[in-house]
Protein chains: 2
Amino acid sequence: MGSRTTLRSVAEAAGVSTAAVSYAFNRPDRLSTQLRARILAVARELGYAGPDATARSLRTGRANAIGVIFTTELTYAFSDPYVLALLGGLTETLSRSRTSLVLIPFAPVVAGLTDSQVSESLDAVRRAVIDGAVADGLTDDHPAVRALADRSLPLVRSSETATGRGVLIDDRQAGRDIGHHLVELGHREVAMLVSAPLAPGRLVDRADEAALYPYSRNRLAGVRDALPADARLRVVSGGGNTSAAGRTAAHTIIAAADPPTAIAADSDVLAAAVVEVAAGQGLRVGHDLSVTGFDDVPAAAPAGLTTVRQPIHEKGQLMARMLLDPDGTPDRVILPTELVVRASTGPAPGRRGERSAT
Amino acid sequence: MGSRTTLRSVAEAAGVSTAAVSYAFNRPDRLSTQLRARILAVARELGYAGPDATARSLRTGRANAIGVIFTTELTYAFSDPYVLALLGGLTETLSRSRTSLVLIPFAPVVAGLTDSQVSESLDAVRRAVIDGAVADGLTDDHPAVRALADRSLPLVRSSETATGRGVLIDDRQAGRDIGHHLVELGHREVAMLVSAPLAPGRLVDRADEAALYPYSRNRLAGVRDALPADARLRVVSGGGNTSAAGRTAAHTIIAAADPPTAIAADSDVLAAAVVEVAAGQGLRVGHDLSVTGFDDVPAAAPAGLTTVRQPIHEKGQLMARMLLDPDGTPDRVILPTELVVRASTGPAPGRRGERSAT
DNA sequence: CTCCTCCTGTTAATCGATTAACAGGGTGCA
DNA sequence: TGCACCCTGTTAATCGATTAACAGGAGGAG
């Protein structure tokens, strides 16, 4: 009376031990059919729906859930095709083992956060009842990653510098592929558009490069590798990887006194924004201006976007599997990428026909 | 040694009570600055990252998380714009209170599930460590909803028959709005395309109607209300609310011996698929065939789709707020909808020019 | 000098389960 | 008859914290 019904109250009402009630719900074979039936009947009568989830988690040490950290505004995250594909892969694998996915919010790192904001944000990370977590695109020294590591939770990362487990792609090689493709087409004036926590359109100098996401840095390095000495590469911030930010940045680039002949974007979202702006300015994409993306999201093919395909869905599946079955999976996997050439890239203007063999 | 470090081991190492350690982490003001510093130092030394999340949840009775049930394949869910908008609204509000969102998988009800499949699926629902849950588009007698109710967790629904709390729209009125619009345009041969757990393209008879989602039934009833006696309405299953299923259904409808002049779809996704198929068959949408959708998702405007706008994002925000602050929010809210007329609807063929005033 | 408060820290009950170890009775078999 | 083994069910320790109630000492007011 008064207090909620628990395993114990059911046991008392049925005149058995709490162990018996527990077995009635968890191990039917440990009890005679009649006793189990009686216990279940008493439970139903008392409105007892089964063992409490939290208590069970505490006792068994399993939460049946894994977490994923969101450092961007969650609202935006649900419009990012990369994130969606990753979530799709994760949940597909998780749901097979009846494991939930916990979306953990962390204050977006738009501007610098004060310490107290960070520690407040960390609260959600610390309080999350999970068996492991996925941190995609976060550096080792990100507060959330650190908090997770401190909790000594199994962690899967997508970062190159992964300590512990990771599923990654060779961003630098992918960058080279893009670079070579553009160079082959005769481009010597290239702009790289990276999503970064910097104002969209802003020119990224060497000092700023530290602020870039690790994958951006690597892709950038790859593009640099591929460019010959006589080529010029400028790096421009695309802001938060949204269409709007991409358009802003695209305008800046295109309006420059000496615009590039090719723009290599960090993501298909940004690339699509560039294509849109370019078309709006009367430029023929693939002729007057070449544009490349990254990821090969579903929208890339219809848009005719040259891009690097990475198996995002599989990445999510694999990350989930690594957390569910640590022993049956490797600690580190590098997934293949592939340059997909479509209509958005073509010979550099003024050099048409010069395309070198293969 | 051997065992993980806990609040207790820190207390012992520091030579204080466990209460002191707890206070050091949760209530700085209860301890002298020096003692707190000493405890924190000892904790750091021992690699103690703070109170265990699960134990804390058990003791305080708060999980700092709310759940949302997914009955469709999760992979698909992340491509459904309605779901994404709802999730966006939910997470936006939740992240402000540092609350996580738990995505709980439940076996998709494609075909009939066996009892054991259902009870296996229910496991995730029972084990979810949450303070409340959102069940969108599920009937009262859905096993997952029942399981949640049995756990006596606060529940927010979007269903008309909501027991407890709910955020809903007037689906029937929305249906009437669509019906009136089409009737005004002179349409008398109308097909309603509903997402339902039935084969796409299949004609839905009165018996099948019980299998429709509640919102579909209500929208259907609304359309029926609006149609005059001389009009004919056929109901067709659009399957699982995907483009692919929608295209299949669209083909069936358009290929019929006596095709309708207007197709009212249950969702913008289905409507867009219809438009695509119709265009592919050389039909001019808005002239030869009128098409309406539902939701007014982002893609609807560019596609020129006539549809009913519902404030999905706000719905999500409100649902979250209801769970976070039960006392400060009403039990039941009906959100407004609005018919948005665009180019996909026009006068019925053979009646052009007859459009009645307003 | 006495009484009252405030400040710090401790005691101990409690949240709601799981499960290894044990025990008693029935069966099967030699 | 004796012994081993299987079936059922119980005992009791444990998972890792939170927090109301209490207590001792310091300082202030009267």
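All values below come from the heavy atoms of this structure, side chains included, with hydrogens, waters and symmetry mates left out. Chain identifiers are assigned alphabetically (A, B, ...) following the order of the sequence lines, protein sequences preceding nucleic acid strands; residue numbering begins at 1 within each chain.
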Name of the residue among B:Val42, B:Leu35, B:Val10 meeting side chain to side chain contact (heavy atoms under 4.5 Å, CB included) with B:Val16: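 Of B:Val42, B:Leu35, B:Val10, side chain to side chain contact (heavy atoms under 4.5 Å, CB included) with B:Val16 is met by B:Leu35 alone.
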query: So among B:Thr93, B:Leu87, B:Val134, B:Ile130, which one has a side chain to side chain contact (heavy atoms under 4.5 Å, CB included) with B:Leu101?
result: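 Of all the options given, the one that passes is B:Leu87.
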Contact nearer the 5' end of DNA chain C, comparing A:Thr18 with B:Ser32: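 It is B:Ser32, whose closest nucleotide lies nearer the 5' terminus.
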task: Using heavy atoms to find the nearest nucleotide of DNA chain C for B:Ala55 and B:Arg36 separately, return the residue whose nucleotide is more 5′.
output: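 Closest to the 5' end, via its nearest nucleotide, is B:Arg36.
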- request: Would you check if there is a donor-acceptor pair between the side chains of B:Thr329 and B:Arg165 at a distance under 3.5 Å?
  value: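 Judged by distance alone, the side chains do pair up.
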Using whole Å, report how far [atom1] of [X] lies from [atom2] of [N].
{"X": "A:Asp29", "N": "C:dT19", "atom1": "CG", "atom2": "C1'", "result": "13 Å"}
{"X": "B:Arg8", "N": "D:dT18", "atom1": "CZ", "atom2": "P", "result": "14 Å"}
{"X": "B:Tyr48", "N": "D:dA17", "atom1": "OH", "atom2": "P", "result": "3 Å"}
{"X": "A:Arg62", "N": "C:dT18", "atom1": "CZ", "atom2": "P", "result": "14 Å"}
{"X": "B:Arg59", "N": "C:dA13", "atom1": "CZ", "atom2": "P", "result": "13 Å"}
{"X": "B:Tyr23", "N": "C:dT11", "atom1": "OH", "atom2": "P", "result": "13 Å"}
{"X": "A:Leu7", "N": "D:dG9", "atom1": "CG", "atom2": "C1'", "result": "14 Å"}

With 3.5 Å as the limit, what N/O pairs link the protein to nucleotides 5-7 of chain C?
none

message: Please determine whether a side-chain nitrogen of the Lys or Arg among A:Asp141 and A:Arg146 lies less than 4.0 Å from a carboxylate oxygen of the Asp or Glu.
response: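 A salt bridge is absent here (no side-chain N lies under 4.0 Å from a carboxylate O).
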query: So, are A:Arg157 and A:Asp140 salt-bridged, with charged N and O less than 4.0 Å apart?
result: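 Answer for the salt bridge query: yes.
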query: Could a donor-acceptor pair under 3.5 angstrom be found where the side chain of A:Arg30 meets the base of D:dG9?
result: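 Indeed, a donor on one side and an acceptor on the other fall under 3.5 Å apart.
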query: Less than 3.5 Å between a donor and an acceptor, one on the side chain of A:Arg56 and one on the base of C:dT18, is that the case here?
result: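 When only heavy-atom distances are counted, A:Arg56 does not reach the base of C:dT18 through any donor-acceptor pair under 3.5 Å.
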- request: Please assess B:Ser158 against B:Val167 for the test side-chain contact (heavy atoms from CB on, under 4.5 Å), listing each intermediate value before the final yes or no.
  value: CA-CA 5 Å; B:Ser158 68; B:Val167 180; 5.9 Å; no
